[in-house]
There are 2 protein chains.
Amino acid sequence: MNPGMDMSPTPDSPAAAPSPPFRLSPLAQAFVLHFGEMGSRWGINRTVGQIYAMLFLADAPRHAEDIADALTLSRGSVSMGLKELASWNLVQLRHVPGDRRDYYETPRDVWSIFRTLVEERKKREIDPTLTTLRTLLMEPATDASDRFAQERIAAMHEQIELLTDWYAEMRRLDSERLLQLLRLGERVVKALEFKDRMLGRGKAVTTEADHGRT
Amino acid sequence: MNPGMDMSPTPDSPAAAPSPPFRLSPLAQAFVLHFGEMGSRWGINRTVGQIYAMLFLADAPRHAEDIADALTLSRGSVSMGLKELASWNLVQLRHVPGDRRDYYETPRDVWSIFRTLVEERKKREIDPTLTTLRTLLMEPATDASDRFAQERIAAMHEQIELLTDWYAEMRRLDSERLLQLLRLGERVVKALEFKDRMLGRGKAVTTEADHGRT
DNA sequence: CATTAGTTTCAATAATTATTGAAATTTTAG
DNA sequence: CTAAAATTTCAATAATTATTGAAACTAATG
């Protein structure tokens, strides 16, 4: 019922090891290591990446000590890593009857993970910039160079907002419809091209972003 | 014709300061500082973020010393920062007749910047993972737990590939069509919902990702 | 072809960020 | 309420990453 349970180390029974050190298979090991390395590029630290990767592959929830064991991390690191993952909703707490330790697992739907990641990055990487840009646009422009700067800032703001609005729209789709839309990709483009031809608009049409000197 | 040119410092004329230290307006300063701070979240360093921000707002190409001046960075940092931006195609080299220094400016089209950024992140953050996942999927699964792990890896691989394929499709659109598509966002979703209703598929339809225990 | 203005490199150092592990805290069970 | 087990915190330290600036290099000029 509770295979991972480690009973208190009884010194008289040599067979009952204090903690059967949790080992990862070479496959899992490679996966975990990759996520650790990529972590830094994804803006999460190695520890967090590794913990996530291990839980993602696990066929059952794991408790903190298993994780620390398998990844040879300190208990403290694991605790902080799990806390961070939890704050991102990338791990969920589970409990095993008769065991008071916290067990963790990752959401099973890969799409939900992806959504969470995008959402989080938006919050951290885009929203603050949108706020700043808006503030700067309210500022009175004193000279010509500032007026030029504000034009550039306005253009940037507009593009980002367009994207985030679109993202907000897409976020409302459930996983299946999102899939449909992605699979449709090519045909959406074709439809747009067709519409353009029907309206007699040629390739010569350019965006307003082309203004300015050559 | 060439306002930014600083002539060689003639020691006999005291009015000709060796380098009129380039100063940013408070507006530009705030913008530059923000990009510096965000830099770390975007996976670029502060220096690079600041240099880019300054050039983005500039109404004319700037040379390295102007940049070092305005941002109080060392010449070495600016050189390295410009090199990195150039490798990302986020700055372009310009030359002023009669001046042998290199001048830099950013692409004017905000969309092109966005594309470059996405492209770069894909290369650095997604492609290596796709490669790793494929490698791990080729590995023979020895036990049940590895077989389970490979299923999870396969699911992840499939989702990522779907996204990158879609991205490749979208990338082929020119700026105008991309704008159209974004503005269409809501209506694309509506069309999908309509199609579903016509086909008699209700809300009860779930994705295959819902398998597994509650 | 020597001089000079400009650029790049890179080893040293500074700044930042991650990780540990002992101590404090919380939680559960008796 | 107390003891035992588990978790979390946080100051110290390790590891990593960014930045500087002097020296090497490059290219244009007279």
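What you are looking at is a predicted structure, and each value in this text was computed from that prediction instead of being measured. Residue numbers begin at 1 in each chain, while the letters A, B, ... track the order of the sequences.
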Within the structure, does a side-chain N or O atom of A/Ser74 lie under 4.0 Å from either OP1 or OP2 of C/dT19?
-> no
Nearest-nucleotide comparison on DNA chain D, the residue closer to the 5′ end among A/Arg46 and A/Tyr104 = A/Tyr104
Between B/Ile44 (CD1) and D/dT19 (P), how many Å, whole number?
-> 11 Å
Sub-4.0 Å heavy-atom contacts from residues 76-85 of chain A onto DNA chain D, ordered by number = A/Gly76, A/Ser79, A/Met80, A/Lys83
In whole Å, what is the span from the CZ atom of A/Arg94 to the C1' atom of D/dA6?
-> 20 Å
Starting at CG of B/Asp102 and ending at P of C/dT8, how long is that distance when rounded to a whole Å?
-> 6 Å
Roughly how far, to the nearest 0.5 Å, is the CG atom of A/Asn89 from the CD1 atom of A/Ile113?
-> 12.0 Å
Over how many whole Å does the gap from B/Arg75 atom CZ to D/dA24 atom C1' extend?
-> 15 Å
Starting from C1' on D/dT20, measure out to CG on B/Asn45 and report it in whole angstrom.
-> 13 Å
Tell me yes or no: between the side chains of A/Gln150 and A/Arg152, is some donor less than 3.5 Å from an acceptor?
-> no
Can you check whether A/Met156 reaches B/Phe31 side chain to side chain, under 4.5 Å on heavy atoms?
-> yes
For B/Ala64 and for A/Arg100, locate the closest nucleotide of DNA chain C by heavy-atom distance; then report the residue assigned to the nucleotide nearer the 5' terminus.
-> B/Ala64
Using whole Å, report how far CG of B/Leu73 lies from C1' of D/dG21.
-> 13 Å
Relative to A/Tyr103, does A/Arg62 satisfy both conditions: NZ or CZ under 6.0 angstrom from the six-membered ring centre, and within 45 degrees of the ring's axis?
-> no
Below 4.5 Å, heavy atoms only, C-beta onward: do B/Trp111 and B/Leu179 meet side chain to side chain?
-> yes
Rounded to whole Å, the NE2-P distance (A/His95 to C/dT27) equals 11 Å
Min side-chain heavy-atom separation B/Asp69-B/Arg23 under 4.5 Å = no
For B/Pro128, does its backbone N or O pair with a side-chain atom of B/Thr132 as donor and acceptor, under 3.5 Å?
-> yes
Just how far, in rounded Å, is C1' of D/dT8 from NE2 of A/His63?
-> 17 Å
